Number of protein chains: 2
Amino acid sequence: MQHHHASEALTKNQALVMGALSDADGPLSAYTILDRLRDDGLRAPLQVYRALDKLVEFGLVHRLESLNAFVACRHPGCDGHQFTAFMICDECGSVIEIADTALARRLTGLAQDASFILEKSTVELRGLCAACSAA
Amino acid sequence: MQHHHASEALTKNQALVMGALSDADGPLSAYTILDRLRDDGLRAPLQVYRALDKLVEFGLVHRLESLNAFVACRHPGCDGHQFTAFMICDECGSVIEIADTALARRLTGLAQDASFILEKSTVELRGLCAACSAA
DNA sequence: GAGATTGTGTAATGGTATAACGTGTGCGAT
DNA sequence: ATCGCACACGTTATACCATTACACAATCTC
């Protein structure tokens, strides 16, 4: 790493993993990412997981808990990154990323009511996307 | 099974798993449940997973996606079971189960706006519970 | 330039979940 | 009554997800 605050400057492995996720049009598991990057020199799961940890920390990637998979953030740099919600189509696997202020307020409100210090929220809606439910 | 519609009548394995979860005061992983039920005759993960699938289907148990673990529902029989939210303390592991109408409305509203057919929602808030944040 | 920090590479392991068999039992329809 | 179906059960093997532990290199700090 050359810089202190230039978190945009990714290391080699981070850039590779970010590239794989950006190229994909849906979520990828860590092992799928690994498979796609074997030709680029990645050999072990840990190399992928370490890169993913950092990318999530940077706000460039989201982890989808209900899929054990990862997606590139659709609007990186956005605030409210920690309150992002997802709609995941069980039919086609597409993922829609949502940043909703009212939802975020309700979640923080619920936490406050319970004197709960909220660090991170996971909101994942499963069902059928518009395209698949029309078909 | 003796009855058709008596979904309250659990099979042997289902009752064992339900008992283990009820006895615990927090979430348990499937493998932890298995360990606790070895003396009762359970030998393989699949026996536990099959029982868990049914218990979740019956609305007696919730799966916590961000923990890969399961908890007994605190208010079984409640409606809105599919919109339950959870606050999970990263310090002590305690889980608070929340049924909030406003939250449920917001989630269904978001889904409708996107023409998304909502089947199930996962809402898990991570942070520090009141007791742990006070300490 | 010694020490702290961070990224990297590799091997081994641990934890989570399902596939693919086959068996047994209760129950309704013929 | 018995055949067929649906469903729970049992076992083995395997697939999939994630981390621990150790060693090395580059960089930043003082």
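In this text the structure is predicted, and so the values were computed from the model without any measurement. Residue numbers begin at 1 in each chain, while the letters A, B, ... track the order of the sequences.
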Take the protein atom [atom1] of [X] and the nucleotide atom [atom2] of [N], then report the distance between them rounded to whole Å.
| X | N | atom1 | atom2 | result |
| --- | --- | --- | --- | --- |
| A/Asn68 | C/dA17 | CG | P | 7 Å |
| B/Phe58 | D/dA8 | CZ | P | 7 Å |
| A/Asp53 | C/dT6 | CG | P | 14 Å |
| B/Leu52 | C/dT16 | CG | P | 12 Å |
| A/Ile33 | D/dC17 | CD1 | P | 11 Å |
| A/Leu34 | D/dC16 | CG | C1' | 13 Å |
| B/Tyr49 | C/dT16 | OH | P | 7 Å |
| B/Leu67 | C/dT16 | CG | C1' | 13 Å |

Below 4.5 Å, heavy atoms only, C-beta onward: do B/Val123 and B/Leu107 meet side chain to side chain?
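In short, these two side chains touch, coming nearer than 4.5 Å.
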pair A/Val17-A/Val61: side-chain heavy atoms closer than 4.5 Å
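Heavy-atom side-chain distance check fails, nothing below 4.5 Å.
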With rounding to the nearest 0.5 angstrom, report the CG to CZ distance, B/Leu28 to B/Phe70.
10.0 Å
Assess whether atom CG of A/Asp25 is packed by more than 12 heavy atoms of other residues, nucleotides or ligands within 6.0 Å.
no
Could you write nucleotides 8-15 of chain C as a row of B, S and -, 5' to 3', where a protein heavy atom under 4.0 Å of any base atom gives B, of only sugar-phosphate atoms gives S, and otherwise -?
BBBB----
Would you check if there is a donor-acceptor pair between the side chains of A/Ser66 and A/Glu124 at a distance under 3.5 Å?
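The answer is yes; a qualifying pair exists.
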So, A/Phe86 versus A/His62, ring centres under 6.0 angstrom or not?
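Aromatic pair counts; centres sit under 6.0 Å.
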